[in-house]
Amino acid sequence: MKASLTLLFIITFLGSIFLASPEADSCTTNLSLNVPILFDTANLHCLSVWDAQSFILRYVQTSANIWSFVLSTPDTNSYIAMGFSVSGAMVGSSAMVGWVASRGASGGIKQYYLGGVTPNQVVPDKGNLQVIANSSFITLQSSRLFMVFQLEIAEPLSWLIFATGSTGLFPAAPSFTLTKHLDKVSTRIDYSKANIGSSQGVGNSSQVDGSSSQADSCSSNLNLSVPLLFDTTKLHCLPVWNAQGYILRYSQTSTNIWSFILSAPNPNSYIAMGFSPNGAMMGSSAIVGWISSSGAGGGMKQYYLTGLTPSQVVPDRGNLKVLTNSTFITSQSSRLYMAFQLETNQPLSRLIYGFGPNGIFPSAPSFALTQHQDKISITLNYGTGSTSSASNSYMNLKRSHGVLNILGWGILIIMGAIVARYFKEWDPFWFYFHASVQSLGFVLGVIGVISGLVLNNQLHVDVSLHKALGIIILVLGCLQIMALVGRPKKESKVRKYWNLYHHNMGRILIVLAVANIFYGIQLGKEGSGWNIGYGIVLAVLLTMAITFETQLCSRD
């Protein structure tokens, strides 16, 4: 009897655990919700999109431009999110976020635009998703959340991001701020085949590879859905911006006709390809094209970059002779293909590529171009099809500029000043050493300033204070050299005034030079290594000066 009671207790206990456990969902089970859905659920495609978190996605193309989604997830007592991204990255994506508080007390669903990585940059009720009115809801059923919505779009972006929030934290009125996700995954979907490409967990880079329907590479054939006016079978092909997945195809169609096709992921903004005489943006002419991610509108224009501000980027101007009716841009499998032909014997070899901020397009009547979100400058050898990035030459010039100025103005000038003040009993050695070291420091400093001006002319960055200080230091250095040439004799009455001028100008030069060196290291973003290295050298020189000054005072 006791054994029977024990067995009954065990069965009852296990049965209660089984009945209390959350009902699982899978693509082998039928979708049966306790609330009505506005679309037919009989033909939904079903995918397990995040096995680790048991996320199940069902979707169907309800009509030509209507897509319906049902995301099923375990109830994590926080929000769940499904984002649509151009490249797989969170920044720039638009997401549907839903939540139901514990035990179904309250809930909500909103679209968010991820303008950055901090919570205040994740904006509610904003984004690029055309959500059909009254189509979205979220419900809690058998310890699982079911988030339903419909989008008006020809084809959704294939990069999807799924995320869960921190337990017990929900968006709330009035701000509906979204706290940082607890976990996320990024994956690609081929909607037509209902299969998943590669996935990315937290911290991995969003890199496009050849397995994606939206990818393009030089090993794949160009197969556009629109006819081209030129032969595409003999196009040269090369990746020109690996980090952004930019592919350039080109050929010399005839003696003075060159044909180009630029392929790039659709950033939901403009893409640009510029031709520059020197690799700089200023003075270049660019072909710019855009198509919104929803396919609602697009365009293509030439722009002339007369300056760095948007008002100085002039539409329908430039030095490119674009053949009439040769330009078009199309969106295909989440990529943009921008084609055009130029009438020229040889295009400029310095090319610039860029793209604009998400969701912002040139529009009538001004067609003003907003500042690019990112850009790159390369040199293309049209004959061999090889490229070289301008970034390495800029980096070498930047570091040469820094080293020359540190060695010239920041070390040798200080050493020469120390010798002149504390070693005058070693006459005439101190004078020749002082003059030689100061002259060498001046020469290196002049070369450093010139390299800085060249660098500024190429990069076109705002370093006005650093530049102004450098010019002042150069002027003071020139005045010191002139003072050395016009130095009066020791017995002259004006010698004491000359000494006063020469010494004080030298001190001002050294203070400005040291300050500008540290400021330049900060502008160059070289990191703490340069600061620490020069700081140690400066500390050694300062220690020497204090030691010699102490000895000089004791002798006096």
Side-chain angles (χ1 to χ4, degrees), residues 224 226-230 240-241 244 246 248-254 256-264 266-332 335-378 380 382 460:
L224 297 182
V226 290
L228 294 175
L229 298 178
F230 52 87
V240 290
W241 195 1
Q244 297 296 336
Y246 275 45
L248 178 66
R249 294 175 172 89
Y250 70 92
S251 68
Q252 186 174 8
T253 309
S254 63
N256 63 338
I257 302 296
W258 289 75
S259 305
F260 297 88
I261 302 175
L262 178 63
S263 160
N266 187 357
N268 196 32
S269 185
Y270 68 81
I271 62 171
M273 176 178 173
F275 296 79
S276 172
N278 56 7
M281 290 185 62
M282 189 181 297
S284 65
S285 302
I287 299 293
V288 180
W290 61 93
I291 294 180
S292 66
S293 59
S294 62
M300 190 168 172
K301 282 182 175 291
Q302 180 180 181
Y303 285 77
Y304 183 58
L305 286 71
T306 63
L308 302 178
T309 61
S311 61
Q312 294 175 302
V313 181
V314 188
D316 298 317
R317 291 271 307 278
N319 300 317
L320 303 177
K321 294 183 178 180
V322 184
L323 291 188
T324 307
N325 300 323
S326 73
T327 61
F328 78 90
I329 186 168
T330 182
S331 178
Q332 188 169 311
R335 288 186 72 88
L336 294 180
Y337 292 85
M338 186 171 69
F340 58 94
Q341 290 184 292
L342 300 181
E343 183 179 353
T344 179
N345 292 326
Q346 178 75 38
L348 293 174
S349 60
R350 302 295 293 271
L351 303 179
I352 301 172
Y353 301 93
F355 62 92
N358 187 281
I360 301 177
F361 303 91
S363 60
S366 66
F367 289 98
L369 207 63
T370 54
Q371 186 173 359
H372 56 271
Q373 184 175 330
D374 199 4
K375 73 174 183 71
I376 191 173
S377 175
I378 69 166
L380 171 62
Y382 291 97
H460 298 288

To check you understand the geometry: which heavy-atom pair defines the closest contact between Pro277 and Gly283, and what is its length?
CD-O, 3.8 Å

Between Ile329 and Gly299, what is the shortest heavy-atom contact and its length?
CG2-O, 3.7 Å

Measuring only between side-chain heavy atoms, which start at C-beta, is Leu336 closer than 4.5 Å to Pro267?
yes

For a 4.5 angstrom cut-off between non-hydrogen side-chain atoms, does Leu323 reach Ile257?
yes

Residues which pass side-chain contact (heavy atoms from CB on, under 4.5 Å) with [X], listed by chain and number, not counting sequence neighbours:
{"X": "Ser363", "answer": "none"}
{"X": "Gln371", "answer": "none"}
{"X": "Ser263", "answer": "Asp216, Ile247, Arg249, Arg335, Tyr337"}
{"X": "Gln302", "answer": "Ser285, Ile287, Leu320, Val322"}

Identify, with sequence neighbours excluded, every residue that meets ring pair (Phe, Tyr, Trp, His ring centres under 6.0 Å) alongside [X].
{"X": "Phe260", "result": "Phe275, Phe340"}
{"X": "Tyr382", "result": "Tyr250, Trp258"}
{"X": "Phe355", "result": "Trp241"}

What pairs with [X] under side-chain hydrogen bond (donor to acceptor under 3.5 Å, both in side chains), at least two apart in sequence or on another chain?
{"X": "Ser366", "value": "none"}
{"X": "Gln373", "value": "none"}
{"X": "Ser284", "value": "none"}
{"X": "Ser251", "value": "none"}

Closer than 3.5 angstrom, by distance alone: can the side chain of Thr306 be matched with the main-chain N or O of Gln312 as a donor-acceptor pair?
yes

Okay, side chain of Tyr270, backbone of Thr370: is any donor-acceptor separation there less than 3.5 Å?
yes

If I take atom [atom1] from residue [X] and atom [atom2] from residue [Y], how far apart are they, to the nearest 0.5 angstrom?
{"X": "Leu348", "Y": "Arg350", "atom1": "CG", "atom2": "CZ", "value": "10.5 Å"}
{"X": "Phe361", "Y": "Asn268", "atom1": "CZ", "atom2": "CG", "value": "4.0 Å"}
{"X": "Asn266", "Y": "Ile271", "atom1": "CG", "atom2": "CD1", "value": "8.0 Å"}
{"X": "Gln341", "Y": "Thr324", "atom1": "CD", "atom2": "OG1", "value": "10.5 Å"}
{"X": "Ile291", "Y": "Ser269", "atom1": "CD1", "atom2": "OG", "value": "12.5 Å"}

Leu248, Val288, Ile352 screened by side chain to side chain contact (heavy atoms under 4.5 Å, CB included) with Met273, the one that passes
Leu248

Assess whether side-chain contact (heavy atoms from CB on, under 4.5 Å) is satisfied between Leu369 and Trp290, documenting all intermediate values.
CA-CA 11 Å; Leu369 207 63; Trp290 61 93; 5.6 Å; no

What pairs meet the salt bridge (Lys or Arg N to Asp or Glu O under 4.0 Å) rule with one or both residues in residues 312-325, with sequence neighbours excluded?
Lys301-Asp316

Begin with the C-alpha distance, continue with both residues' side-chain angles, and end with the deciding distance and a verdict on side-chain contact (heavy atoms from CB on, under 4.5 Å) for Tyr353 and Leu262.
CA-CA 10 Å; Tyr353 301 93; Leu262 178 63; 3.9 Å; yes

